[in-house]
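Letters A, B, ... mirror the listed sequences (proteins, then strands); counts begin at 1. Scope of the values below: all heavy atoms of this structure, side chains included, with no hydrogens, waters or symmetry mates.
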Amino acid sequence: MFLKFESEVGSLLQDAIKAAGYEVEMLCLETSDYADLASSVAFKLAPKYEKSPKRIAEDISRKIRIPKKTLIDRVEVKGPYINFYVNREFLNQTILQILKEGERYGSLPKKRQRIILEHTSANPTGPLHVGRGRNPIIGDTLVRMLRCAGYDVEVQYYVNDMGKQVAAIVWGYDNVERNALPKLERDKPDHDVVRYYRKATEIIAERPDVDSQIAQILSRYELGDSNTIERFKRVVNKCIDGQKRTLERLDIAFDRYVWESQFVMDGSVDKVLGKLKKTKYIKQEDGALVLDLTSFGVEKDFVLTRFDGTTLYTTRDIAYHLWKFDHADIVINVLGEDQKLSMEQLRCALKILGLRKEPKMIFYSFVSLPEGRMSTRKGVVVDLDDLLDEACERAYIEVQKRRPELSEKEKRRIAEIVGMGAVRFDIIKVAPEKMMTFKWEEALDFEKQGAPFIQYSHARACSILKKARKIGHGFDSSLLTAPEEVELIKKMALLPSIVDSAAQDLKPYVVATYARELAETFNQFYRAVPVLKAEEALRDARLSLVNCTRIVLANVLNLLGITAPESM
RNA sequence: GGGCCCGUAGUAUAGUUCGGAUAGUACAGGGGCCUCCGGAGCCCUUAACCCGGGUUCAAAUCCCGGCGGGCCCGCCA
């Protein structure tokens, strides 16, 4: 409804500007504290027409004729600003729309554009850790938003199975005695794998000969030796299975796992190299093949192959990206900030190969420990599994405090919902490029206004509706005139435009901010206005409003990948 | 040394794309609220744009120069 209001205001203002004898491209419309929509267009016109912004705003507003059938209530000029306000019809329509669309409310029309979004793509060397923990959460939230905004999205995890790291683990399985390994910390396959990885790196540091053994294993793999392939698959799958289990708790899943090796084995990496070799950008250096990208403003050469002709990670990534663009209109990657340079090089290589489109990148800063960066290899990590467990434990304590009468099973269920929600929200609410330092107390502080606050508001709405038992069908939404009621409706009307801008700008945290604001607005309403005790007609109208809020809160939480509990 | 990113109350953040109204919010601190349908709540209150120049009627926002932190800088992924 807000999008419709915005377009009505847009054309009305456009016409008025013309009628007043001005010309301008940007209408400078924005939401503001002073109005439902405000335009600062008068400022833009002032220098050109050499009049004061205030006079221009007055000129324009005199030409504004609000049509009969509209969502606009009135227009006010405040100094240089032109302010627009919604009318009763807008509010009534919003309520009806939410009730009609239900869980679809907020979704935008299908766009018929296909997106491949890649996220997480962690090295298959061990369990996911908190350092890169933002990746799956940012990625998954984006996927949910983009789908809601009408895109057809496929989510992919790119499996880096061709690295030396994986070869080192394969070597470890053959050469390390089981009893030489540290105790298995958690009964999950990824935690088993990482023990071999760490032990193998330890041994490599002491015995230089092992390095060449690992190189041999890797080269047998590249050549397609079937026995070696089996062993790689076993190790990598073990690792991925473990990671999948972790992500399941956060309600994160992938549509497709794309193995890096497939592009080497099917010859597409060779094809890419062949094409690049024919371009003027290619150079040989000590047998290695490099791309000179200075003409693209990238100072660092892109190393495509080693001296022995074997390919490197980013080279294979070119083939993967060509494949992605064959299957999608838009390609989005969620990556750590350490990938910036190589992604810039990749972008150039794709251009050289004649590709018109380029992938969109979301870079996030690592979550570091107070003492420094996390590392799987060194074992300096906080495992995501541990964080999730701890979140759940702390949530359980809170549930126990508030709802001791519930069954143990129910308390555990709620604790899981609250714990996972808190983790997701805590990560998504911050812009990806901001640095985060991980501290247990802060990450798991439920006192802050986070996911539990929003979940609680939803549970409350459900509770009221449950107590009311039946909701009158023939309610009159015009009765909802208290300021808290009007604010709540206006807030809910914003959801589609929030989804639109979040998807447009790939900014998942705007949804998080909106969710918190909506919950807050509902709490204010709840505090100020009685529902169940109101007289009948008003009661029905307010119950419908509560029902709308329940729907919108649930939809927003779903967008964030957070469960909306009916009680907690 | 070079490149990219970040710097907003005690702490954590929004606003920066595209310069406009009183810089929004949370936690912590101070003070209130059970006439209430769930107090994981509501209402007050204290407190901030890293520094220095410049552009502009107007700068947290744009430009230049510093300072502090993060990431990256050819055969790792």
Side-chain angles (χ1 to χ4, degrees), chain A residues 26 28 30 32-35 38 40 42-44 46-47 52-53 78-81 83 121-123 125 160 162-166 260 285-291 297-308 310-317 336-342 344-345 363 365-366 368 373 395 398-399 401-403 418 426 429-431 433-437 442 445-457 459-468 505 507 509-510 512-513 516-517 519-520 523-524 526-534 539 542-543 546 567-568:
Chain A
M26 290 258 293
C28 309
E30 54 198 30
S32 120
D33 290 345
Y34 306 87
S40 57
F43 283 113
K44 283 278 164 304
S52 78
K78 265 255 162 59
Y81 294 91
N83 292 335
S121 305
N123 279 327
T125 51
N160 308 135
M162 296 217 85
K164 270 190 190 164
Q165 295 98 316
V166 180
E260 187 183 2
E285 272 179 25
D286 307 324
L289 221 50
V290 301
L291 274 184
V298 177
E299 295 301 320
K300 297 289 163 191
D301 291 342
F302 182 170
V303 180
L304 296 168
T305 69
R306 299 188 180 91
F307 66 93
D308 62 1
T310 53
T311 55
L312 289 136
Y313 169 80
T314 322
T315 319
R316 294 170 227 137
D317 216 9
E337 60 179 342
D338 55 340
Q339 308 277 320
K340 277 186 184 173
L341 177 61
S342 50
E344 194 52 40
Q345 293 174 327
F363 293 106
S365 297
F366 298 113
S368 57
R373 195 172 164 174
E398 296 300 314
V399 178
K401 228 190 296 184
R402 293 162 222 263
R403 305 292 301 278
V418 171
D426 201 58
K429 71 175 189 207
V430 178
E433 64 273 13
K434 297 264 187 191
M435 204 185 71
M436 289 179 111
T437 304
E442 282 176 21
D445 184 356
F446 295 156
E447 294 305 307
K448 289 188 176 180
Q449 230 182 68
F453 172 76
I454 303 159
Q455 289 171 315
Y456 181 69
S457 304
R460 254 181 172 176
C462 289
S463 170
I464 293 174
L465 293 168
K466 210 161 145 196
K467 283 226 169 86
D505 305 335
K507 285 185 175 170
Y509 59 85
V510 307
T513 307
R516 214 200 49 225
E517 285 171 4
E520 192 175 11
N523 281 325
Q524 284 160 353
Y526 169 95
R527 195 72 200 163
V529 182
V531 177
L532 294 175
K533 290 186 177 164
R539 181 175 185 267
R542 287 181 180 160
L543 277 170
V546 172
S567 84
M568 63 187 269

Participant: For the side chain of A:Glu520, counting heavy atoms from C-beta on, which of B:rA26, B:rU22, B:rC73 is nearest?
Facilitator: B:rA26
Participant: Where each residue is assigned the nucleotide of RNA chain B containing its nearest heavy atom, which of A:Arg306 and A:Ser32 is assigned the position nearer the 5′ end?
Facilitator: A:Ser32
Participant: Taking the minimum atom-to-atom distance to the side chain of A:Ser342, which one of B:rC75, B:rA77, B:rC37 wins?
Facilitator: B:rA77
Participant: Could you tell me how far B:rG41 sits from B:rC57 if I compare only their P atoms? Round to whole Å.
Facilitator: 49 Å
Participant: Say you pick atom P in B:rA59 and the same atom in B:rC50; how far apart are they, in whole Å?
Facilitator: 15 Å
Participant: Do any side-chain nitrogens or oxygens of A:Gln524 fall under 4.0 Å of OP1 or OP2 in B:rC43?
Facilitator: yes
Participant: If you compare every side-chain N and O of A:Lys467 against the phosphate oxygens of B:rG38 (OP1, OP2), does one of them come in below 4.0 Å?
Facilitator: yes
Participant: Mind checking what makes side chain to side chain donor-acceptor pair (under 3.5 Å) contact with A:Arg403, not counting sequence neighbours?
Facilitator: A:Glu405
Participant: Once pairs are restricted to Watson-Crick or G-U wobble with both distances under 3.5 Å, how does RNA chain B read as a dot-bracket string, [ ] for crossings and | for other-strand pairs?
Facilitator: (((((((..((((......[...)))).(((((.......)))))....(((((..]....))))))))))))....
Participant: What integer number of Å spans the P atoms of B:rU17 and B:rC75?
Facilitator: 38 Å
Participant: Mind checking if A:Val166 touches a base, just sugar-phosphate, or nothing, with heavy atoms under 4.0 Å?
Facilitator: nothing
Participant: Considering only atom P, compute the distance from B:rG31 to B:rU46 and round it to an integer number of Å.
Facilitator: 15 Å
Participant: How far does the P atom of B:rA48 sit from the matching atom of B:rG19, given to the nearest Å?
Facilitator: 27 Å
Participant: Taking the minimum atom-to-atom distance to the side chain of A:Thr314, which one of B:rA77, B:rU25, B:rC73 wins?
Facilitator: B:rA77
Participant: What is the nucleic acid contact for A:Asp301, judged by heavy atoms within less than 4.0 Å: base, sugar-phosphate only, or nothing?
Facilitator: base
Participant: Report the nucleotide, chosen from B:rC71, B:rC33, B:rC75, that has the shortest atom-to-atom distance to any side-chain atom of A:Asp338.
Facilitator: B:rC71
Participant: Between A:Asn160 and A:Glu260, which heavy-atom pair has the shortest distance, and what is it?
Facilitator: CA-OE1, 3.1 Å
Participant: Check every strand shown and say whether A:Arg403 touches a base, only sugar-phosphate, or nothing at a heavy-atom separation below 4.0 Å.
Facilitator: base
Participant: Could you pull out all residues at least two apart from A:Ser121 that satisfy side chain to side chain donor-acceptor pair (under 3.5 Å)?
Facilitator: A:Glu118
Participant: For a quick check of understanding: with a heavy-atom distance under 4.0 Å over all strands, which category does A:Glu285 fall into, base, sugar-phosphate or nothing?
Facilitator: base
Participant: Name all residues meeting the ring pair (Phe, Tyr, Trp, His ring centres under 6.0 Å) criterion together with A:Phe43; count only those two or more places apart in sequence or in a different chain, and write none if there are none.
Facilitator: A:Tyr81
Participant: Atom CZ of A:Phe366 and atom P of B:rC72: how far apart are they, to the nearest Å?
Facilitator: 7 Å
Participant: In whole angstrom, give me the gap between the C1' atoms of B:rG66 and B:rA21.
Facilitator: 33 Å
Participant: Does A:Thr305 reach a base, just sugar-phosphate, or nothing at all? Heavy atoms under 4.0 Å.
Facilitator: base
Participant: Compare every heavy atom of A:Leu543 with every heavy atom of A:Val531, then report the nearest pair and how far apart it is.
Facilitator: CG1-CD2, 3.8 Å
Participant: Given B:rG70, B:rA40, B:rG39, identify the nucleotide with an atom nearest to the side chain of A:Met568.
Facilitator: B:rA40
Participant: According to side chain to side chain contact (heavy atoms under 4.5 Å, CB included), who are the partners of A:Phe307, at least two apart in sequence or on a separate chain?
Facilitator: none
Participant: Kindly say if A:Tyr313 contacts the phosphate of B:rC75, meaning a side-chain N or O under 4.0 Å from OP1 or OP2.
Facilitator: no
Participant: Write down the protein N/O and nucleotide N/O pairs, taken from nucleotides 13-15 of chain B, whose separation is under 3.5 Å; answer none if there are no such pairs.
Facilitator:
{"unit_1": "B:rU13", "atom_1": "OP1", "unit_2": "A:Met435", "atom_2": "O", "d": "3.4"}
{"unit_1": "B:rA14", "atom_1": "OP1", "unit_2": "A:Ala431", "atom_2": "N", "d": "3.3"}
{"unit_1": "B:rA14", "atom_1": "OP2", "unit_2": "A:Lys434", "atom_2": "NZ", "d": "2.8"}
{"unit_1": "B:rG15", "atom_1": "OP1", "unit_2": "A:Tyr509", "atom_2": "OH", "d": "3.1"}

Participant: Taking 4.0 Å as the cut-off, does a side-chain nitrogen or oxygen of A:Asn523 come that near to OP1 or OP2 on B:rC42?
Facilitator: yes
Participant: How long is the line joining NZ of A:Lys44 and P of B:rG19, in whole Å?
Facilitator: 6 Å
Participant: Taking side chain to side chain contact (heavy atoms under 4.5 Å, CB included) as the definition, give me every residue that meets it alongside A:Ala461, ordered by chain and number, with sequence neighbours left out.
Facilitator: A:Phe522, A:Val546, A:Arg550
Participant: Who passes side chain to side chain donor-acceptor pair (under 3.5 Å) against A:Thr310, sequence neighbours left out?
Facilitator: A:Arg306, A:Asp308
Participant: Run the side chain to side chain donor-acceptor pair (under 3.5 Å) test against A:Ser463 and tell me which residues pass, sequence neighbours left out.
Facilitator: none
Participant: Using every non-hydrogen atom in the two residues, find where A:Pro452 and A:Met568 come nearest and quote the distance to one decimal.
Facilitator: O-CE, 3.7 Å
Participant: With a 4.0 Å cut-off on heavy atoms, is A:Glu517 in touch with a base, just the backbone sugar-phosphate, or nothing at all?
Facilitator: nothing
Participant: Does a side-chain N or O from A:Arg402 land closer than 4.0 Å to OP1 or OP2 of B:rG41, or not?
Facilitator: no
Participant: If you draw the axis of the six-membered ring of A:Phe363, does the NZ or CZ of A:Lys340 fall within 45° of it and under 6.0 Å from the ring centre?
Facilitator: yes
Participant: Once you round it to whole Å, what is the distance between C1' of B:rG24 and CD of A:Glu30?
Facilitator: 14 Å
Participant: Separation of A:Arg516 atom CZ from B:rA12 atom C1', in whole Å?
Facilitator: 11 Å
Participant: Identify whether any heavy atom of A:Asp317 sits under 4.0 Å from a base atom; if not, whether one sits that close to sugar-phosphate; answer base, sugar-phosphate or nothing.
Facilitator: nothing
Participant: Should A:Lys340 be listed as having a side-chain N or O under 4.0 Å from OP1 or OP2 of B:rC4?
Facilitator: no
Participant: B:rG74, B:rA26, B:rC72: which one has an atom nearest the side-chain heavy atoms of A:Val290?
Facilitator: B:rG74
Participant: Report which part of the nucleic acid A:Ser457 touches: base, sugar-phosphate, or nothing (heavy-atom distance under 4.0 Å, all strands).
Facilitator: nothing
Participant: Can you identify which nucleotide, out of B:rA77, B:rA21, B:rC37, has its nearest atom closest to the A:Lys78 side chain?
Facilitator: B:rA21
Participant: Reckon A:Ser463 has a side-chain N or O less than 4.0 Å from the OP1 or OP2 of B:rG38?
Facilitator: yes
Participant: If the P atom of B:rU61 is compared with that of B:rC51, how far apart are they to the nearest Å?
Facilitator: 10 Å
Participant: A:Phe43 or A:Leu532: which one's nearest nucleotide on RNA chain B is closer to the 5' end?
Facilitator: A:Phe43
Participant: Does B:rG52 sit syn or anti, given that only angles within 90° of 0 count as syn?
Facilitator: anti
Participant: Does any N or O donor sit under 3.5 Å from an N or O acceptor when you compare the side chain of A:Asn83 with the base of B:rA21?
Facilitator: yes
Participant: Report the C-alpha distance between A:Phe453 and A:Glu520 in whole Å, list the side-chain angles of each, state the deciding distance to 0.1 Å, and finish with yes or no for side chain to side chain contact (heavy atoms under 4.5 Å, CB included).
Facilitator: CA-CA 9 Å; A:Phe453 172 76; A:Glu520 192 175 11; 4.3 Å; yes
Participant: Between B:rU56 and B:rG24, how many Å separate the two C1' atoms, rounded to a whole number?
Facilitator: 25 Å
Participant: Side chain to side chain contact (heavy atoms under 4.5 Å, CB included) for A:Gln524 and A:Arg527? Distances and angles first, verdict last.
Facilitator: CA-CA 5 Å; A:Gln524 284 160 353; A:Arg527 195 72 200 163; 5.8 Å; no
Participant: Ring of A:Phe302 versus six-membered ring of B:rG74: centres under 5.5 Å and planes under 30°?
Facilitator: no
Participant: Using a cut-off of 4.0 Å on non-hydrogen atoms, how would the nucleic acid contact of A:Asp308 be classed: base, sugar-phosphate, or nothing?
Facilitator: nothing
